[in-house]
Structures are given as C-alpha cells and as structure tokens.
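Take a look at the structure set out below.
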Amino acid sequence: MTQKLKITLGGETYLADLLWQEAPQTCKAFIAACPFESRVFSARVCDAEVTYPVPGEIADLDLMENPKFEEPAGSIVWYGAWSCICIFFDECEPYGTCNMFARICEADRERFARACRAVWDVPAVPIWNEIVEVEEEGE
C-alpha cells in the first residue's frame with residue numbers, strides 16, 4: 001500500500017503522488033494537516049493554476065526542499081510566502097520559486113485540468129484534501 005493525496009474538487013476525486021524522496025519534511029507537514037477542506041481563492045495568477053490556503057502548523061512552514069521555478073503539469077507545490085498550496089494543472093511559470101512536494105497522477109491530470117478550468121470563474125470553490133492508502137499495481 002502506498003500513501004497518496006486524494007483531492008476532491010467539483011464533486012470529482014483525483015489522486016496525487018507524494019514526492020517523499022524530494023520533499024520529505026513538506027510531505028510530513030502536509031500529511032499532518034490532512035484531512036481538511038479549503039476554498040480556492042486564486043486562479044490565473046500564474047495562468048494555469050489553482051491556489052488555496054492550508055490550515056494548521058504547515059501555514060508557518062518556511063521550507064524549501066525541492067525548489068522549482070518552471071512547473072510541469074500536475075505539480076503540487078507549497079508556496080510559503082502565501083501559506084498556501086498551488087496546483088499547476090498545465091505547464092507554466094510560477095510567480096516565484098516553489099517547493100514541489102506532490103504531483104497529480106498522470107491518469108488524472110487531464111480530468112483535473114478540466115475541473116480547474118471550470119472553477120476559474122467561480123469564487124471560493126471548496127477543495128477537500130485527504131491522505132489515502134492505495135494498492136499499487138504489482139503489490
């Protein structure tokens with residue numbers, strides 16, 4: 001069994017791989033904050049992204065383990081300057097260097113991108129985050 005981030009947005013669920021090798025402290029802090037609901041407060045700051053605050057101790061996390069400036073599609077990053085998560089659903093250049101700690105699973109990326117585009121013009125859409133155990137192929 002493998003831990004994954006499960007995101008629910010617009011009534012649909014999506015899985016993301018946690019990047020333990022690249023950002024172990026950020027993964028640990030994020031897991032400690034889960035489960036939680038937040039509200040998307042920003043979209044289109046960097047173009048193809050949704051952004052939302054995270055409650056709990058992670059909000060004070062000032063850590064850069066896996067710095068990225070150009071984000072591949074599906075990147076989930078901790079943006080400490082805003083105490084929030086940014087998910088880049090298409091390739092884009094972020095506002096600043098971000099701490100990438102997870103990535104939407106390839107099988108869910110296009111569906112997730114469609115869901116994100118659908119919420120761009122709707123303020124304060126709820127987004128649910130939780131950690132789930134998933135059986136990987138071959139286990």
Side-chain angles (χ1 to χ4, degrees):
M1 299 293 269
T2 302
Q3 283 187 322
K4 294 202 182 246
L5 168 59
K6 179 179 169 186
I7 297 171
T8 303
L9 176 65
E12 296 287 327
T13 61
Y14 311 90
L15 292 177
D17 294 312
L18 295 164
L19 304 178
W20 283 101
Q21 295 295 323
E22 295 87 350
Q25 292 178 51
T26 309
C27 288
K28 183 179 176 182
F30 185 78
I31 286 172
C34 285
F36 68 90
E37 182 178 79
S38 190
R39 301 279 174 176
V40 174
F41 73 82
S42 173
R44 296 188 185 167
V45 171
C46 301
D47 192 24
E49 115 285 340
V50 292
T51 304
Y52 55 96
V54 179
E57 292 181 19
I58 194 173
D60 296 323
L61 184 66
D62 184 19
L63 177 67
M64 188 66 68
E65 291 182 294
N66 188 24
K68 301 290 181 186
F69 190 74
E70 293 183 14
E71 302 294 342
S75 297
I76 302 174
V77 303
W78 173 247
Y79 190 65
W82 291 354
S83 298
C84 66
I85 297 297
C86 297
I87 305 177
F88 298 97
F89 57 85
D90 203 354
E91 290 185 29
C92 67
E93 188 174 300
Y95 187 70
T97 302
C98 297
N99 185 10
M100 184 174 163
F101 72 95
R103 190 163 185 208
I104 300 291
C105 294
E106 188 173 349
D108 288 348
R109 282 186 204 144
E110 186 52 42
R111 281 187 325 110
F112 186 74
R114 282 194 302 271
C116 289
R117 288 184 194 100
V119 303
W120 270 2
D121 297 322
V122 182
V125 172
I127 188 165
W128 178 257
N129 296 255
E130 61 187 304
I131 302 300
V132 296
E133 295 283 336
V134 176
E135 190 170 321
E136 293 288 335
E137 288 184 33
E139 284 189 323

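All values below were derived from every heavy atom in this structure, side-chain atoms included, with hydrogens, water molecules and symmetry-related copies excluded. Predicted, not measured: the structure shown is a model, and the values here were computed from it.
- Looking at E133 and T2, their side chains never come closer than 4.5 Å, going by heavy atoms from C-beta outward.
- There is a path of hydrophobic side-chain contacts, each under 4.5 Å, that joins W20 to L5.
- Listed here is the closest heavy atom pair of F112 and L9: CE1-CD2, 4.1 Å.
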Distance-only donor-acceptor pairs under 3.5 Å for side chains of residues 24-33, two or more places apart:
| from | atom 1 | to | atom 2 | distance (Å) |
| --- | --- | --- | --- | --- |
| T26 | OG1 | E65 | OE1 | 2.7 |
| T26 | OG1 | N99 | ND2 | 2.8 |

key: Derivation and outcome, side-chain contact (heavy atoms from CB on, under 4.5 Å), residues I104 and I7   = CA-CA 9 Å; I104 300 291; I7 297 171; 3.9 Å; yes
request  = Step by step, work out the side-chain contact (heavy atoms from CB on, under 4.5 Å) result for W78 and S83.
outcome  = CA-CA 7 Å; W78 173 247; S83 298; 4.2 Å; yes
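- Listed for the S38 side chain is no donor-acceptor partner under 3.5 Å among the backbone atoms of V54.
- Of all heavy-atom pairs between Y52 and R39, the closest is CB-O, 3.4 Å.
- Taking every heavy atom of both residues into account, M100 and V77 meet most closely at CA-CG1, 3.7 Å.
- Taking 4.5 Å as the limit, every side-chain heavy atom of L15 sits out of range of all side-chain heavy atoms of T13.
- Looking at every heavy atom in both residues, P126 comes nearest to E37 through CB-OE2, 3.8 Å.
- Residues passing the side-chain contact (heavy atoms from CB on, under 4.5 Å) test with Q21, sequence neighbours excluded: none.
- Put simply, NZ on K4 and CG on L18 are 8.5 Å apart, with the number rounded to the nearest 0.5 Å.
- Scanning all heavy atoms of the two residues, the minimum distance from F89 to E49 falls at CE2-N, 3.4 Å.
- Within the 3.5 Å criterion, the main-chain N or O of Y14 finds no donor-acceptor partner in the side chain of D108.
- With hydrogens and angles ignored, the 3.5 Å screen pairs a side-chain donor or acceptor of R103 with a backbone N or O of A73.
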